[in-house]
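Written out below as structure tokens is the structure these notes cover.
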Number of protein chains: 2
Amino acid sequence: MNERTPPTSRRSRPAKPPLSREVIVAAALDLMARDGFSGLSLRRVAAELDTGAASLYVYVANLGHLHRLMLDAALGEMQLPEDGSAPWREAAMSLLLAYLQALHGRRGLARLAMTALAAGPGAMRIWERLLHLLRGAGMDGRRAAWGVDLLLLQATAIAAEQAGRDAGGLRPESIREEVEALPEERYPLVRAHADDLFSGGGLQRAAWALEVILDGLAAAPGVRPGLGETL
Amino acid sequence: MNERTPPTSRRSRPAKPPLSREVIVAAALDLMARDGFSGLSLRRVAAELDTGAASLYVYVANLGHLHRLMLDAALGEMQLPEDGSAPWREAAMSLLLAYLQALHGRRGLARLAMTALAAGPGAMRIWERLLHLLRGAGMDGRRAAWGVDLLLLQATAIAAEQAGRDAGGLRPESIREEVEALPEERYPLVRAHADDLFSGGGLQRAAWALEVILDGLAAAPGVRPGLGETL
DNA sequence: ACCTGAACACCGTTCAAGT
DNA sequence: ACCTGAACACCGTTCAAGT
């Protein structure tokens with residue numbers, strides 16, 4: 001924290017970097033990390049860069065485009081777990097958990113991932129890796145491709161839901177109160193399972209859900225029997 | 001306002017219904033059906049009711065609250081499939097497909113369902129029904145409760161993703177073009193599976209995903225080694 | 001080619017003033 | 001208690017004018 005204050009070096013921190021797509025995306029990601037998804041706007045990104053919102057349109061088509069660029073850039077920074085010799089299921093789980101943690105690691109990113117759709121190199125290397133694992137498990141092309149989509153969408157939706165609850169100003173207790181205000185005669189099971197419905201921390205629930213999906217993907221056609229020696 | 005000589009029965013069609021939570025929610029749902037989620041705003045709902053946005057705050061805490069009320073009301077109108085004597089899996093699938101079709105049936109609803117979180121009677125009767133089916137299949141309380149959450153979240157996410165693509169002004173081809181512009185050496189599997197990744201209509205993909213999750217839920221828990229037991 | 005200020009057409013929310 | 005107009009503090013996007 002406390003370093004000897006160096007003579008102000010302008011070299012390490014240019015006063016006003018020239019605009020570029022990269023600079024804009026980086027500033028937008030910084031802003032979102034600070035103020036959340038709802039604090040992100042073209043005008044504020046521009047202000048961060050000491051310019052007006054109109055200037056950004058040279059590099060970015062519109063807000064949605066910036067969202068997609070931000071998501072792909074953030075995913076590109078994510079570190080993929082070692083591609084070791086673990087069985088496909090463990091490898092898939094650690095990749096998915098890393099993805100989940102990346103979404104949780106930067107404020108606003110989970111919601112961005114549910115809103116925007118990234119198809120650039122940052123997102124696609126995750127697809128490539130997961131596709132490799134599911135094909136290696138013996139699934140055919142369609143099952144592997146749709147499986148990757150299913151797994152990543154589920155991870156994204158879980159992260160977004162949890163982030164939305166936190167950011168939405170909706171206290172978790174108030175949801176529970178609403179459920180418990182329902183007439184017990186008409187909703188006996190919901191009432192009886194309230195504890196289970198609201199139990200489980202974020203990552204625990206997410207890991208459970210992903211395991212169930214992997215169970216489903218492994219269970220039906222396409223899996224070579226005897227691969228897992230787990231049965 | 002006009003008390004003398006009513007030419008027709010004003011009882012059947014009041015010119016300006018008095019404000020109430022129900023009237024506001026109905027007007028909001030109508031507006032969204034017409035102009036989509038992005039066309040929905042408190043100001044426009046108020047204009048629809050011949051008043052100002054400030055007037056709505058007597059009945060609704062804020063925009064997020066209105067979203068939740070809208071979602072619950074829309075789900076409450078949804079017709080659940082007959083509670084016949086079908087096996088639990090078929091019954092669950094037809095319930096989930098009905099939910100999916102409800103989300104697709106009203107413009108903007110899918111995105112609303114991913115954004116808002118409904119815990120009122122309209123949403124809870126779906127939870128109640130699904131909970132009943134999964135418990136009937138022999139799952140314990142936690143597995144059934146988390147399973148319902150998983151299934152409904154997946155259905156919602158699929159619907160929202162598809163709706164978002166349509167509404168976001170993002171042509172599906174342009175995503176594919178972006179994927180196919182990636183260097184083949186680094187993303188060979190993504191490129192090789194492009195057809196599979198983009199294949200399948202909305203309901204087909206959704207039904208496949210839900211079947212996979214049901215497979216996973218139906219599979220005996222604990223067959224996998226390691227990871228699962230740390231919960 | 002890039003950047004800008006100003007304008008356009010919107011937002012959610014609050015509040016004092018009315019009834 | 002309910003309703004309202006006006007105000008506040010914002011938006012994304014366009015465009016003519018500058019460099």
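In what follows, chains are A, B, ... by sequence order, proteins preceding strands, each numbered from 1. All heavy atoms count here, side chains included; hydrogens, waters and symmetry mates do not. In this text the structure is predicted, and so the values were computed from the model without any measurement.
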Spacing between Asp50(B) atom CG and dG5(D) atom P, to the nearest angstrom:
11 Å

Base-paired stretches in DNA chain C with three or more consecutive Watson-Crick or G-U pairs, both distances under 3.5 Å, amount to C:4-8 with D:12-16, C:12-16 with D:4-8

Separation of Glu161(A) CD from Thr156(A) OG1 (nearest 0.5 Å)
12.5 Å

Output field: ring centroids Tyr187(A)/His193(A) closer than 6.0 Å
no

Check whether NZ of the Lys or CZ of the Arg Arg142(A) lies under 6.0 Å from the centre of the six-membered ring of Trp146(A) and within 45 degrees of that ring's axis.
yes

Identify whether the distance between the nearest side-chain nitrogen and carboxylate oxygen of Arg34(A) and Glu48(A) falls below 4.0 Å.
yes

Atom CG of Leu66(A) and atom P of dT13(D): how far apart are they, to the nearest Å?
10 Å

Does a side-chain N-to-carboxylate-O contact under 4.0 Å join Arg176(B) and Glu180(B)?
yes

Can you sort out which residues in residues 24-38 of chain A have a heavy atom within less than 4.0 Å of DNA chain C? Ascending by number, please.
none

Report the nucleotide, chosen from dC11(C), dT4(D), dC11(D), that has the shortest atom-to-atom distance to any side-chain atom of Arg43(A).
dC11(D)

Measure the distance from CZ on Arg44(B) to C1' on dA9(C) and round it to the nearest whole Å.
12 Å

Between atom CD of Gln154(B) and atom CG of Leu151(B), what is the distance when rounded to the nearest 0.5 Å?
8.5 Å

Using a strict cut-off of less than 4.0 Å between a Lys/Arg side-chain nitrogen and an Asp/Glu carboxylate oxygen, indicate whether Asp196(A) and Arg143(B) qualify as a salt bridge.
no

Distance between the C1' atoms of dA9(D) and dC10(C), in whole angstroms?
13 Å

Working to the nearest 0.5 Å, report the span between CG of Leu131(B) and CG of Leu197(A).
6.0 Å

From CG of Leu63(A) across to P of dT14(D) the rounded distance in Å is 12 Å

Does the ring center of His67(A) lie less than 6.0 Å from the ring center of Phe37(A)?
yes

Expressed in angstrom and rounded to an integer, what is the separation of His67(A) atom NE2 from dT13(D) atom C1'?
15 Å

With the threshold set at under 4.0 Å for non-hydrogen atoms, list the residues of residues 52-60 of chain A touching DNA chain D in residue-number order.
Ala53(A), Ala54(A), Tyr57(A)

To the nearest Å, how far apart are Leu42(B) CG and dC10(C) C1'?
14 Å

Between Arg125(A) and Leu80(A) (side chain of the first, backbone of the second, donor and acceptor by atom type, cut-off under 3.5 Å), is there such a pair?
no

For atom CG of Leu19(A) and atom C1' of dT19(D), their distance in whole Å
15 Å

Give a yes or no on whether a salt bridge exists between Glu128(B) and Arg186(A), defined as a side-chain N under 4.0 angstrom from a carboxylate O.
no

